[in-house]
Structure formats: structure tokens, C-alpha cells
Amino acid sequence: MNKIIEQYIKNNKVSESNALIFRNWKDFLHILFQNNGQVEMIVWYEYCRINNQQIGMGGYIDSENQGFMWAETQLFKTDMQEKSLDEILDYISATKQEYSEYDLYPEFYIN
């Protein structure tokens, strides 16, 4: 993996797990594409109070905001590797708008 992408992930992912969830996911996508990375799949997480998930089903505790977590949903999109940065940004925007009653964050599977 590209060292710039690797360093960004190390410094900015939201949990101690391997999940690539970022508070500022737009910055991550720009760095990823500037360094020839690709998104393979996006899985959606609901950011919510612990034990107050609406569409999420458990996930990762937010170490910076006590009492909150990222809860994995059943929303996902595969076959993204041929998509451009703009197409991925459009997809994320459309999904966030469609599910605007929830605070959703994308998790990225990359190559």
C-alpha cells in the first residue's frame, strides 16, 4: 500500500479496528485517488449513541466521544473499483440524502 495512504489511515481512522471509517471521509478519498488507490466496496455505518442504534447493529465505540459509536448497517455497495472519485462522491451524497434521518458514515474497502 502507498505510504501516504497508509500514514493517513494510521492517523485518521476512527477506531482501533481495521475498519476504514473516517470523520473526514472526503479528505481520505482525495488522498486515496491522488495516490492511485481505488475503492472496491462501501459499507455504511450509523453514528449514534451506544444502545440507540436505529439501523445499525453493533460496531465500534467512538474513543473521542464517550457514549457514541459507529454501528454497522446492512447498506453497502460493491463493484466500485471502476468508479471515478466524482462518481463515488455522488454515490455517497445520494445515499446520505436518501437516509438523511440517520448520521451515516462510509467504511471503505480499498485496493
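We number each residue from 1, following the sequence as shown. Not measured: the values here are computed from a predicted model.
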Practice problem: Please check if atom CG in N18 has more than 12 non-hydrogen atoms from other residues, nucleotides or ligands closer than 6.0 Å. | Solution: no
Exercise. Can you measure from CG (N36) to CD (Q34) and round to the nearest 0.5 angstrom?
Key: 10.0 Å
Practice problem: Take Q74 and M57 through the side-chain contact (heavy atoms from CB on, under 4.5 Å) test and state the conclusion after the steps. | Solution: CA-CA 9 Å; Q74 292 185 355; M57 301 167 289; 3.3 Å; yes
Exercise. Could you grab the distance from atom CG of L85 to atom NZ of K26, nearest 0.5 Å is fine?
Key: 10.5 Å
Practice problem: Compare all side-chain heavy atoms of Y91 with those of M80 and state whether any distance is below 4.5 angstrom. | Solution: yes
Self-check item: Over 12 foreign heavy atoms within 6.0 Å of CG, N11
Solution: yes
Quiz item: Between Y47 and Y102, does a ring pair (Phe, Tyr, Trp, His ring centres under 6.0 Å) hold up when you go through it step by step?
Solution: CA-CA 8 Å; Y47 187 70; Y102 310 107; over 10 Å; no
Exercise. Please name all residues satisfying side-chain hydrogen bond (donor to acceptor under 3.5 Å, both in side chains) with E64, sequence neighbours left out, ordered by chain then number.
Key: R23
Exercise. Look at the rings of F28 and F108 and say which category their plane angle falls in: under 30° parallel, 30 to 60° tilted, over 60° perpendicular.
Key: tilted
Quiz item: Mind checking what makes side-chain hydrogen bond (donor to acceptor under 3.5 Å, both in side chains) contact with T73, not counting sequence neighbours?
Solution: none
Exercise. Supply the atom-to-atom distance I110 CD1 to I42 CD1, rounded to the nearest 0.5 angstrom.
Key: 12.0 Å
Quiz item: Do the side chains of D103 and Y105 get nearer than 4.5 Å, heavy atoms only?
Solution: yes
Quiz item: Any side-chain heavy atom of V43 within less than 4.5 Å of one from Y45?
Solution: yes
Exercise. Quick one: which residue pairs count as a salt bridge (charged side-chain N to carboxylate O under 4.0 Å, His left out) with a foot in residues 33-61, not counting sequence neighbours?
Key: none
Quiz item: Is the number of heavy atoms from other residues, nucleotides or ligands under 6.0 Å of E101 CD greater than 12?
Solution: yes
Practice problem: First locate atom NZ of K77, then atom CD1 of I92, and finally report the distance between them rounded to the nearest 0.5 Å. | Solution: 12.0 Å
Practice problem: Quick one: pull up OG in S84 and CD in Q38 and give me the separation to the nearest 0.5 Å. | Solution: 11.0 Å
Quiz item: Can you list the steps and then say if L104 with I55 is a side-chain contact (heavy atoms from CB on, under 4.5 Å)?
Solution: CA-CA 10 Å; L104 295 182; I55 61 172; 3.9 Å; yes
Quiz prompt | Flag side-chain contact, heavy atom, 4.5 Å: M69 against Q53 | solution = yes
Quiz item: Does one hydrophobic cluster hold both I61 and F68, with members joined at side-chain heavy-atom distances below 4.5 Å?
Solution: no
Quiz item: Looking at CD of E72 and CD1 of I21, how far apart are the two atoms once the value is rounded to the nearest 0.5 Å?
Solution: 8.0 Å
Quiz item: Is there a side-chain contact (heavy atoms from CB on, under 4.5 Å) between N12 and N24 once you walk through the steps?
Solution: CA-CA 8 Å; N12 294 283; N24 191 337; over 6 Å; no
Self-check item: Within-4.5 Å side-chain heavy-atom neighbours: I88 and L29
Solution: yes
Quiz item: Does any non-hydrogen side-chain atom of F22 lie less than 4.5 Å from one of L20?
Solution: yes
Quiz item: Do K96 and W44 come within less than 4.5 Å of each other through their side chains, counting heavy atoms only?
Solution: yes
Quiz prompt | Worked verdict on W25 versus L89 for side-chain contact (heavy atoms from CB on, under 4.5 Å) | solution = CA-CA 10 Å; W25 50 267; L89 290 171; 3.8 Å; yes
Quiz prompt | Side chain proximity check, V14 to Y60, heavy atoms < 4.5 angstrom | solution = no
Quiz item: Would you say the side-chain atoms of N35 pair up with the backbone N or O of G37, donor to acceptor, closer than 3.5 Å?
Solution: no
